[in-house]
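So you know, we letter chains A, B, ... as the sequences are listed, proteins then strands, and number each from 1. None of the values given here were measured: they were computed from a predicted structure. The analysis underlying the following values was restricted to heavy atoms, covering all of them including side chains, and did not include hydrogens, waters or symmetry mates.
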Amino acid sequence: MEGTLKEEEKHAEISSLTSHEGKYLTFVLDNEEYGIEILKVREIIGVMTITPVPQSPNYVKGVINLRGKVIPVIDLRLKFGFPEKEYTKETCIIVVEVSNSLTGIIVDTVSEVLDIAAQDMEPSPHFGEGIDTDVFIGIAKIKNKVKILLDIDKVLHLEEFSITHNLT
Amino acid sequence: MEDTSFLMDDPEIVKEFLTESGDHLEDVESQILQLEENPENIDIINTIFRPIHSMKGSAGFLGLKDLGTVSHELETLLDEARKGNLKITPQIIEILYEGLDILKKLRELVAKKVEKIDVSGELVDYDPVIIKIKAVLSHPETTESAPSKPLHLGEVLVEKGEITEEDLDKVLEEQEKLQHKKLGEIIVEKGIASKESVDSALKTLPVATTPASDTVKVDIQKIDSLVNLVGELVIANALIKDILESTTNTSNKNISHLGKIVKDIQDQVMSIRMVPIKPTFQKMSRLVRDVSKKAGKKVKLEVSGEETELDKSVIEAIGDPLVHIIRNSIDHGIEPEEERIAAGKPASGHVYLDAFHKGGSILIEIKDDGRGLKKDKILKKAIEKGIINENATLNDQQIFGLIFAPGFSTADKITDISGRGVGMDVVKKNIERLRGKVDVFSEEEKGTKISIKLPLTMAIIDGMIVQVGEQKYIIPMLSIEESIRPKKEDMSTIQQRGELINVRGDVLPMVRLHQLYNVEPKKHDPWEALILIVESEGQRCGILVDDLIGQQQIVIKSLGEQFRNVKGVSGSAILGDGRVGLILDVGGIMNLALN
């Protein structure tokens, strides 16, 4: 019985994966490869001067001027708890649109656009505490390399970029 | 409840109908007010008839039965009136208002349905008004005069028997000689008829209506993005100018020419958002009418400066505060008729509403000739409510300012018009949200004037750009009193922590911006840096910055939802070098650093 239940569960997960089929923009963070759905990406720009906003968490680098629009920028390395790295020519800001507002995310470098089919995807394995698997759609294996597919809506979902600040 | 599910088949058409009918109803409202003043003017009846008629048509087309029925009945009533079969009495005016309100409510319901808001349970009962219309129509009180109206003042006077045909001929001859003189003036001068009879004859003449200017309806979002783009253009232009000026001088002339064009475009684009305050003022006329009736007082509203233009967002936000102030004026300010006569004032009270430009701001003044504010009464109340200390010494301005304190109400009895003790503090808050100011002037037994000062637009402020380390911040000029470089001996500390600065005898706390925002400053010592003396809600303090960069007009941009809890920052703006600068909120900084 238990076995069939697990099977069913897996089946359900796979069918949910088919709805995520499509083109992904892949990028590098440290030595890991990530992908986000291309439909969420508005544009990719180089790193520009960022105006820091006080009282925000460390991964919120501040705001930039995107042709007259002021949009927040977060550093994905810091958001995921990686060590900070100095920005280079390779460093990119991927501008994504989530619930009608634009946010820039800083990544080490952008790689390519990949077509990912459901059979290449797998539900993300569970790692126990410390890794929030909610933000992953799943993982994809392309030419023996693992790409982690991010649900960028969940990464940025209802993010409140200010922290309570104790000033005393 | 009629079935209106079909509305969703083509929401675009319904939305168009909603905007159109909204405009129509506003027109009708202001025209009914006019008609009340000139009940015999057929032209006004016609201008009410037309929009109602077209509303009936569209409602029929869209299958909105309720709207169709009510507008049909109103149309019939108006049709009888314009044919001269029905005299416009105060009773008819009342019915027209009632019908108008019902049309408004029905339109609201349709709007809600389109927005998919649940409206079950919200019923508009329009039967009473239809019964009233039918009753009036079955016993019409006809106009005495023939429906075809004479068009000239002379003819009206002859018809009324005020002057004879011969008199008229003589006067007309006279007018030809004198040119430019008005017929009525000559008649009065010659003593042929009294001024009053000429005036009353003038009232029956059709009012010359000013032709509406050609307009285009544009989605506000398109305008906003145009405003943004032009802002960018200005900045890009400034950047090019900087680069070229440092390299070559030959293109200077062309660049400055381009600069002028860009500035002109910006001004034009900014003016697109500006709309006249007239519709808002018209709503107030209706309000005065209804409230004074309810309060049983005779009040006349006099309006001027209706053409004054304000930013659309400001106009939308100023309506509620005006309603509160005017309600208060009528309810508390204007005395009952007997009291007024006893005080030697005209029996009916006056409320004046005025809007005008003054020194880069817009002023809206609400004045009444009522009993004025009683200082001792306000003080007593404020002490009772614990708003001020018993021994506090206040000047007149401060005393009047107390009426804006939360939980303050001096009315002896609470009425349903005003006097719930909320209201005036909301008024002040709303106006401050618009970056405006309210002032009260009052003289006992003479009246009260409330003056609202608003910036020309919400989108632009005058800002001072300051530098702290590598960062540039913008402080609104409105909050800055002065900038000083203190002497070493003007500085002192409290418990080695809190720093104070002595400004010509006033000792103010000092806030180090670099400490608050955690940036590395270039200058640590106040006597080498600069201190801005700022003010917010009556509190003053000094803000330590490295340097002032300059004053600039700033287009305000929101920082977005994610940063809404960041304190001390009210927004952002794009600076001349293309970077984003944060606009500081002085009140927030003081709360953060001092409280």
*Asks:* Counting C-beta onward and ignoring hydrogens, is there a side-chain heavy-atom pair between A/K141 and A/V146 closer than 4.5 Å?
*Replies:* yes
*Asks:* Salt bridge check: are B/E528 and B/K523 linked by an N-O gap of less than 4.0 Å?
*Replies:*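 B/K523 and B/E528: not salt-bridged.
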*Asks:* Would you list the pairs meeting salt bridge (Lys or Arg N to Asp or Glu O under 4.0 Å) in which at least one residue belongs to residues 83-96 of chain A, sequence neighbours left out?
*Replies:* A/K61-A/E84, A/K85-A/D108
*Asks:* Counting only heavy atoms closer than 4.5 Å, note whether B/K567 contacts chain A via side chain, backbone, both or neither.
*Replies:* both
*Asks:* Under the salt bridge (Lys or Arg N to Asp or Glu O under 4.0 Å) rule, collect the residues that match up with B/K522, sequence neighbours excluded.
*Replies:*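 Checked B/K522 against salt bridge (Lys or Arg N to Asp or Glu O under 4.0 Å); zero matches.
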*Asks:* Which bit of B/S558 comes within less than 4.5 Å of chain A, counting heavy atoms only: side chain, backbone, both or neither?
*Replies:* backbone
*Asks:* With respect to chain A, which residue among B/V569, B/L582, B/V519 yields the maximal number of heavy-atom pairs within a distance under 4.5 Å?
*Replies:*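 It is B/L582.
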